[in-house]
There are 4 protein chains.
Amino acid sequence: MNDNPGPDHAAGRARPGRKRSEDSRRAILAAAFQIFTEAGYAGLTVEGIAARAGCGKQTIYRWWKTKADVLFDALAQKSELHIPLTDTGTYEGDLRAFLTATFALGDTPQVRDMLCALMAEAQIDPEFGERFRTAFLQRRRDALGVVLGRARARGEPGPVPGLSTSTIMDIVFGTLWYRVLATREPLDQALVEELLAVLAPSRD
Amino acid sequence: MNDNPGPDHAAGRARPGRKRSEDSRRAILAAAFQIFTEAGYAGLTVEGIAARAGCGKQTIYRWWKTKADVLFDALAQKSELHIPLTDTGTYEGDLRAFLTATFALGDTPQVRDMLCALMAEAQIDPEFGERFRTAFLQRRRDALGVVLGRARARGEPGPVPGLSTSTIMDIVFGTLWYRVLATREPLDQALVEELLAVLAPSRD
Amino acid sequence: MNDNPGPDHAAGRARPGRKRSEDSRRAILAAAFQIFTEAGYAGLTVEGIAARAGCGKQTIYRWWKTKADVLFDALAQKSELHIPLTDTGTYEGDLRAFLTATFALGDTPQVRDMLCALMAEAQIDPEFGERFRTAFLQRRRDALGVVLGRARARGEPGPVPGLSTSTIMDIVFGTLWYRVLATREPLDQALVEELLAVLAPSRD
Amino acid sequence: MNDNPGPDHAAGRARPGRKRSEDSRRAILAAAFQIFTEAGYAGLTVEGIAARAGCGKQTIYRWWKTKADVLFDALAQKSELHIPLTDTGTYEGDLRAFLTATFALGDTPQVRDMLCALMAEAQIDPEFGERFRTAFLQRRRDALGVVLGRARARGEPGPVPGLSTSTIMDIVFGTLWYRVLATREPLDQALVEELLAVLAPSRD
DNA sequence: ACGTAAACGAGACGGTACGTCGTGTCTTGGT
DNA sequence: ACCAAGACACGACGTACCGTCTCGTTTACGT
């Protein structure tokens, strides 16, 4: 999704013709970001983006499949979606760090609203859904997978007996997304601690 | 949302004029259901519903604000969204029963797809979002709240120390919705048992 | 058109049931008149008339075939469309009196605009056209016919040799309508005199 | 009205973007013509024209303000509305030629019906009325003006003493239009001769 | 007085067309 | 080959009126 899904790019072979305009690309992403902020996903249109960016619609269609893909790139451009996986030495420490970083991201209003819109579009447009799942959702799962794998490698006791790695991920991301999509309550540190209490109970 | 959100209904006062056509109402809901099944939410249009139902568009706009509201009513009409709250005597039993019943509902493909579409629309159209949250999401939370309240009344030990009622709900519904929206994995009995392991661990 | 074109009225036989409401009739005509004045013929709708008159649409449809018929009645109600045919003793005098009276009527802005609208509707709706022609246009021709017939009876020389009665009427009403429909110039006394110069030239 | 009333056309400056489709233009005018012939002005809709022409409604709205403007162009396309002004040497000859040519045109059923509809629409839609008056009615007056001016230049005696040029035009076109709009009688040569008798009486 | 019958207000109904917006595609001329 | 501009066919939107059809209410005649 971050890559050019546009015209074929025969590997190292230099192609003739005008190069892709970096100015246009930036202007389009900026325009998408602005319009979304001002008018929401419902107010985001390819025509609107083109007008604001001062480019033709064709230029957008050439490089992105849907406006959701544009918005996803715009989001990736503005906000660093990558979560650093610092190794704190303990499962609980790693998980707390992961959750805190993840929640900080998801609590930024603009980022949050965009992710909601993208998740929504993923339901309605199955093709975009596939792209969104692999390019975003799965990557976040993989990141959490590193934390959980590290704990297993260390020989730390599993968080709760009878809980698969996959289900832990479902619980973590599920709670996160549910808060954002359904209850619209903030993702605060208190929730981090409560999730830790469930998933990394300090044995006593 | 189930009630007529249309014209004013001065309480018991008999209003003049022709009554709302029950035939139209049923035909519209049935049409919405069919079209969604055949073409998905993206293929659901007010125009299409009207054509299939053999009614004018105005008749739809008169009684529903958006096509999402029509779809919600269609869903409520077809599928009994109410979850019976049987009292099994124990927190674990009640929770298992609740989860099993809820998951059964959410695992029906048609119901599942409709709920996804409605949740998506709730993100994109804030006004519908408000209606959907109060008319559906909150009611499900309230149902689970009965189970949890009953446990507390019985004096049963809380599931996990330091876990608020609200967060338990977030975990339950979050995991459920996440499976449906993000991973698209089925809601099976195994997940019920894993959630029980987390939220109602048998002390040993 | 002035008569009730509505339900059958079995001659002298007294029918049961509620009588036609004279209040409604007046309110409808008044409403049509007002709306036309404010918004023109394009802004005149049956729904608008009903709303303004405080009556149901059915009541309008019961007694008039089209909104043009309502407007025609409204016009007839407000403005006396009948032209008195005073006998001045001479053809020229009679004609001058007829033209002056006719022009005075057609120079009233509201009446003029309504006649234009009705003439327009008569082109577009052939059924109304027939009614309008017989109920209005033909009557005006007949009136002029009386003047011309009187002249002939008196043995006055025809206005111009080789000019049929019918063509005289065409010229008189044609010039009148053309001024109103096409050039929108006022119908003044100067035009009366010019027409007299053509149609009743004083022989010398 | 015959010119593009659509987007701006910066004089000689070449504008970017796709050019107007001549095919569409022709298809639209042909469709309007056909539909009018089959269903009359009441049956002429923008939607219908677009469907018949195989184009989008937007394409019609881009280049014409109302369906009446489309119809006017369609008429101008099909029928040569220009009247040749042959100089016969005498006022009477010129006028006879003008009237004969004009009547021939106005006696063609299709042309006649279209002109009636356009004249009607001109009453109902004032903006179109203005366009129709300047683009058609005034041009016809100007044509007759040439004939009358030529007579005056030649020093021919005025047709009737005390008759202004303007009133002669009113009488000619008024009689013509009145026949068409009101009496629906044909425009035959007999009428030409009668008008000549009035407006160009052979002195004896 | 009491039913039958018609007209009334209100307003929902199936339709048709409106004029607008956005989609994704396709020229066109310029870089 | 790419780009801005913009016309194109298409589909759906939400609105306005059309003319028809219930509703319950209000008169007015005929028993």
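Quick note on labels: first sequence line is chain A, next is B, and so on, each numbered from 1.
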Counting heavy atoms from C-beta on, name the nucleotide in [options] closest to the side chain of [X].
| X | options | result |
| --- | --- | --- |
| C:K19 | F:dA28, E:dC18, F:dA16 | F:dA28 |
| B:R18 | F:dC21, E:dC8, E:dG15 | F:dC21 |
| A:R62 | E:dT28, F:dC3, E:dC21 | F:dC3 |
| C:W63 | E:dC8, E:dC13, F:dC3 | E:dC8 |

* To do: Kindly state which residues belonging to residues 42-57 of chain D come within less than 4.0 angstrom of DNA chain E, counting heavy atoms of the residue only, listed by number.
  =>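 Nucleic-acid contacts, sorted: D:T45, D:V46, D:E47, D:K57.
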* Asked: Does a nitrogen or oxygen in the side chain of A:S24 sit under 4.0 Å from OP1 or OP2 of F:dC2?
  ->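 Looking at the OP1 and OP2 atoms of F:dC2, neither is under 4.0 Å from any side-chain N or O of A:S24.
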What is the separation between atom [atom1] on [X] and atom [atom2] on [N], rounded to the nearest whole Å?
| X | N | atom1 | atom2 | answer |
| --- | --- | --- | --- | --- |
| C:R20 | F:dT26 | CZ | C1' | 17 Å |
| D:E22 | E:dT28 | CD | P | 13 Å |
| A:I28 | F:dC2 | CD1 | P | 14 Å |
| A:I60 | E:dC26 | CD1 | C1' | 17 Å |
| C:W64 | E:dC8 | CH2 | C1' | 13 Å |
| B:R25 | E:dC13 | CZ | P | 12 Å |
| C:D69 | F:dG19 | CG | C1' | 15 Å |
| D:K65 | E:dC18 | NZ | C1' | 18 Å |

* **4.5 Å side-chain heavy-atom contact, A:R20 and A:R62** => no
Within this structure, what is the [atom1]-[atom2] distance for the pair [X] and [Y], rounded to the nearest 0.5 Å?
| X | Y | atom1 | atom2 | value |
| --- | --- | --- | --- | --- |
| A:F132 | A:M119 | CZ | CE | 5.5 Å |
| C:D125 | C:T66 | CG | OG1 | 6.0 Å |
| A:K57 | A:I60 | NZ | CD1 | 9.0 Å |

* Hey, which of these two, D:Q58 or A:S21, hits DNA chain F nearer its 5' end, going by closest nucleotide? -> A:S21
* Asked: Starting at the 5' end of DNA chain F, which residue's closest nucleotide do you reach first, D:P16 or B:Y61?
  ->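 Closer to the 5' end of DNA chain F: D:P16.
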* Asked: Does a donor on one side chain and an acceptor on the other come within less than 3.5 Å for C:Y41 and D:Q123?
  -> no
* Asked: Of all residues at least two apart in sequence or in a different chain, which pass the salt bridge (charged side-chain N to carboxylate O under 4.0 Å, His left out) check with C:E127?
  -> none
* Asked: Can A:K67 and A:E47 be counted as an ion pair, charged N to O under 4.0 angstrom?
  ->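 No.
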